[in-house]
Asker: 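Sharing a structure, written as structure tokens. Questions coming.
Predicted model, so just to flag it, every value in this text is computed and none were measured. Lettering of chains follows the sequences in order, A, B, ..., and the numbering in each one begins at 1.
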There are 2 protein chains.
Amino acid sequence: MATGRTHRPATRSRGIPEATVARLPLYLRALTALSERSVPTVSSEELAAAAGVNSAKLRKDFSYLGSYGTRGVGYDVEYLVYQISRELGLTQDWPVVIVGIGNLGAALANYGGFASRGFRVAALIDADPAMAGKPVAGIPVQHTDELEKIIQDEGVSIGVIATPAGAAQQVCERLVAAGVTSILNFAPTVLSVPDGVDVRKVDLSIELQILAFHEQRKAGELAAAGTVVPAVAARQESAAVRRGTAVGQESVADQGPDGDVPAVMPT
Amino acid sequence: MATGRTHRPATRSRGIPEATVARLPLYLRALTALSERSVPTVSSEELAAAAGVNSAKLRKDFSYLGSYGTRGVGYDVEYLVYQISRELGLTQDWPVVIVGIGNLGAALANYGGFASRGFRVAALIDADPAMAGKPVAGIPVQHTDELEKIIQDEGVSIGVIATPAGAAQQVCERLVAAGVTSILNFAPTVLSVPDGVDVRKVDLSIELQILAFHEQRKAGELAAAGTVVPAVAARQESAAVRRGTAVGQESVADQGPDGDVPAVMPT
DNA sequence: CTATCTTTGTGCACGCGTTCACAAAGACAT
DNA sequence: ATGTCTTTGTGAACGCGTGCACAAAGATAG
């Protein structure tokens, strides 16, 4: 998904592979659901299905955390929930600041995902003086001038950037200077940060472009092999025709040197 | 980043590696910026810096598209913009439907990134009858009953799911049955789809949890090696202390079997 | 206590992606 | 026309991640 990953050195942190870390939240979600249904134990096969991964992969992932399963039985749900939460650092409180309270920033502030799992919205920050004091999701928006003070007072180490692309790098630098060491970036820009600071990027435009690539490929392929097509392909073909696209050859509608600019701008 | 990636078979599509496809939008963005500044050519070194990647990787990526560079000079910006756009299928129109117009769905509808690059919001769909007809981002919201008709009439092949987790799988099935073959999923659920359908997932909660993992690791490491710490680490340490966290050993505040549920819920 | 059956944990091999390092290609100057 | 200098394009080595397949572990039944 989206957005993908990012440009972290990906130095295997404490022996746990980066790919495994990225899947732990997935397992945790599936396990939490089981926990609510009071399921006591679960096999790697069942849990893998619920998380949408291969069971061998899941077992190998868990092996990095230690041996928490019982052969012939499976894994203890509650225990595993606790171990993964601890490994991810979710047993402690993580204050988070959101910078840039436009459409996206407001949506994030209202997002239930922040409240759960130990993440707490410590502050909402926007550069527009007119926004100051206005409550969003029950939290009053504060002006950018307060940024440094808030971060230090609340001990914030995680920042979310939801500003326009043009402001992102500057905001990033102020966050880092004030003590933030992890950033979730929604602005469509490459952020440069000093060593020791983690950046993860979420970019809707990029996700859509990747999907478009695969769509185009699907359309082209099935036109080339006009043979026995599955139902999905058949529908896709008719859709392409409806769209007025020459299936199998790119619609080289020379739209000129595509003049649209900063691609995407949250807010 | 967030966005993470997803669970696609990742079968190298037409010879272009999946990892390369994921970077093409990045290059395109950097190139578009250069194009606006009327820069005629750019070297792999410069462009790589702008896109935040290694120059060797960039050259190899471009080599999959063909040989569009000139040795001793670099790449022609305009030409490359065109070639990448074409490769990604951005020279054609992609109608998109957004299902679930809550906070997040509304933010997506307003998102500039949809409008640019050939993506057009063909319809906004919500299950709440009270929403029907209400304009969001200038587009009237339509009821879920219309979903199939809209998709077929407009020839939509890309759908965006921004519903609560509980509704996502059902919405997904309806989208696929109506002809959608690419889905961008914001709901915190594993979607199961038939072969031939691409799913990409964006999960804010997962991104935050991955950041938390690295934060915790950083805090633990620097406590272990109380030696010469860079400025960033020093700030992090004091932040951890401020937060009341025992640096170097997990705060085993047994919060019980963490009762919070569906982790995250957009809307 | 022994046998059987289930399920974990992992050794091994394979493939993709990244990076290095350099030869080939072409621009540009003389 | 020849030489120099820059930058591309890619062969080759390496490392991470994935998946297979199976031995070891333990539960359970007899």
Asker: For A:Thr32 and A:Leu28, indicate whether the former's side chain and the latter's backbone hold a donor-acceptor pair under 3.5 Å.
Answerer: yes
Asker: Counting only side-chain nitrogens and oxygens, does B:Tyr68 get under 4.0 Å of the OP1 or OP2 atom of D:dT7?
Answerer: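 No, because none of the side-chain N or O atoms of B:Tyr68 sits under 4.0 Å from OP1 or OP2 of D:dT7.
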Asker: Any non-hydrogen side-chain atom of B:Leu184 less than 4.5 Å from a side-chain atom of A:Leu208?
Answerer: yes
Asker: Atom CD of residue position B:Glu173 - does it have more than 12 heavy atoms of other residues, nucleotides or ligands inside 6.0 Å?
Answerer: yes
Asker: In whole angstrom, what separates B:Asp76's CG from D:dT8's C1'?
Answerer: 15 Å
Asker: Name all residues meeting the side chain to side chain contact (heavy atoms under 4.5 Å, CB included) criterion together with B:Ala49; count only those two or more places apart in sequence or in a different chain, and write none if there are none.
Answerer: none
Asker: Side chain of B:Ser85, backbone of B:Val81: donor and acceptor closer than 3.5 Å?
Answerer: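 Here the side-chain-to-backbone pair exists.
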Asker: With rounding to the nearest 0.5 angstrom, report the CG to OH distance, B:Leu80 to B:Tyr68.
Answerer: 8.5 Å
Asker: For the pair A:Gln216 (side chain) and B:Glu87 (backbone), establish whether a donor and an acceptor sit closer than 3.5 Å, ignoring hydrogens and angles.
Answerer: yes
Asker: If you assign each of B:Ser67 and A:Asp61 to its closest nucleotide in DNA chain D, which residue comes earlier from the 5' end?
Answerer: B:Ser67
Asker: Nearest whole angstrom, please: distance from the P of C:dG9 to the CD of A:Glu45.
Answerer: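 Atom CD in A:Glu45 sits about 14 Å away from atom P in C:dG9.
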Asker: Could you state the OH-P distance from A:Tyr64 to D:dC16, rounded to the nearest angstrom?
Answerer: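 Going from OH in A:Tyr64 over to P in D:dC16 covers 10 Å.
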Asker: I'd like to check A:Leu24 versus A:Leu65 (side-chain heavy atoms, cut-off strictly below 4.5 Å). Are they in contact?
Answerer: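 They are in side-chain contact.
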Asker: For C:dT18 and B:Arg23 - does any side-chain N or O of the residue sit under 4.0 Å from the phosphate oxygens OP1/OP2?
Answerer: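 Looking at the OP1 and OP2 atoms of C:dT18, one of them is under 4.0 Å from a side-chain N or O of B:Arg23.
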Asker: Rounded to whole angstroms, how far apart are CD1 on B:Ile16 and C1' on C:dG17?
Answerer: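 Rounded to whole Å, this separation is 15 Å.
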Asker: How long is the line joining NZ of A:Lys57 and C1' of D:dC16, in whole Å?
Answerer: 13 Å
Asker: In this structure, how many angstroms lie between the P atom of C:dA25 and the CZ atom of B:Arg59, rounded?
Answerer: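 After rounding, the gap between these two atoms is 16 Å.
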Asker: Tell me: CG of A:Leu65 to C1' of C:dT8, nearest whole Å?
Answerer: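 Nearest whole value for this atom pair: 14 Å.
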Asker: Could you run down the sub-3.5 Å N/O contacts of the protein with nucleotides 11-15 of chain C?
Answerer:
residue, atom, partner, partner atom, Å
C:dG11, O6, A:Lys60, NZ, 3.2
C:dC12, N4, A:Lys60, NZ, 3.3

Asker: With sequence neighbours left out, write down each residue that passes salt bridge (charged side-chain N to carboxylate O under 4.0 Å, His left out) with A:Arg23, or none if nothing qualifies.
Answerer: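 So A:Arg23 forms a salt bridge (charged side-chain N to carboxylate O under 4.0 Å, His left out) with A:Asp61.
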Asker: If you fit an axis to the five pairs at each end of the helix from C:dC1-D:dG30 to C:dT30-D:dA1, how big is the angle between those two axes, to 10 degrees?
Answerer: 10°
Asker: Mind checking if B:Phe62 touches a base, just sugar-phosphate, or nothing, with heavy atoms under 4.0 Å?
Answerer: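 B:Phe62: no heavy atom of the nucleic acid under 4.0 Å.
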Asker: Ion pair present between A:Arg217 and B:Asp198, side-chain N to carboxylate O less than 4.0 angstrom?
Answerer: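 Answer for the salt bridge query: no.
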Asker: Report the nucleotide, chosen from C:dG17, C:dT8, D:dG9, that has the shortest atom-to-atom distance to any side-chain atom of A:Ser44.
Answerer: C:dT8
Asker: Would you indicate which nucleotide in D:dG9, D:dT18, C:dT19 comes nearest to any side-chain atom of B:Asn54?
Answerer: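 Given the options D:dG9, D:dT18, C:dT19, the side chain of B:Asn54 is closest to C:dT19.
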Asker: State which of D:dT8, D:dC20, C:dT18 makes the closest approach to the side chain of B:Tyr75.
Answerer: D:dT8
Asker: As a quick check of understanding, evaluate side chain to side chain contact (heavy atoms under 4.5 Å, CB included) for B:Ile158 and A:Glu215, giving each step before the final call.
Answerer: CA-CA 8 Å; B:Ile158 300 178; A:Glu215 271 305 311; 4.1 Å; yes
Asker: Return a single string for nucleotides 23-30 of chain D, one symbol per nucleotide in 5' to 3' order, where B is base contact, S is sugar-phosphate-only contact and - is none, cutoff 4.0 angstrom on heavy atoms.
Answerer: -BB-S---
Asker: Which residues pass the ring-ring contact (aromatic ring centres under 6.0 Å, His included) test with B:Phe62, not counting sequence neighbours?
Answerer: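 In terms of ring-ring contact (aromatic ring centres under 6.0 Å, His included), with neighbours along the sequence ignored, B:Phe62 is linked to B:Tyr27, B:Tyr75.
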Asker: Without decimals, in angstroms, what is the distance between A:Glu18 CD and D:dG17 P?
Answerer: 8 Å
Asker: Among C:dT18, D:dT18, C:dC20, which is the nearest nucleotide to the side chain of A:Ala19?
Answerer: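 Looking only at heavy atoms from C-beta outward on A:Ala19, the closest nucleotide is D:dT18.
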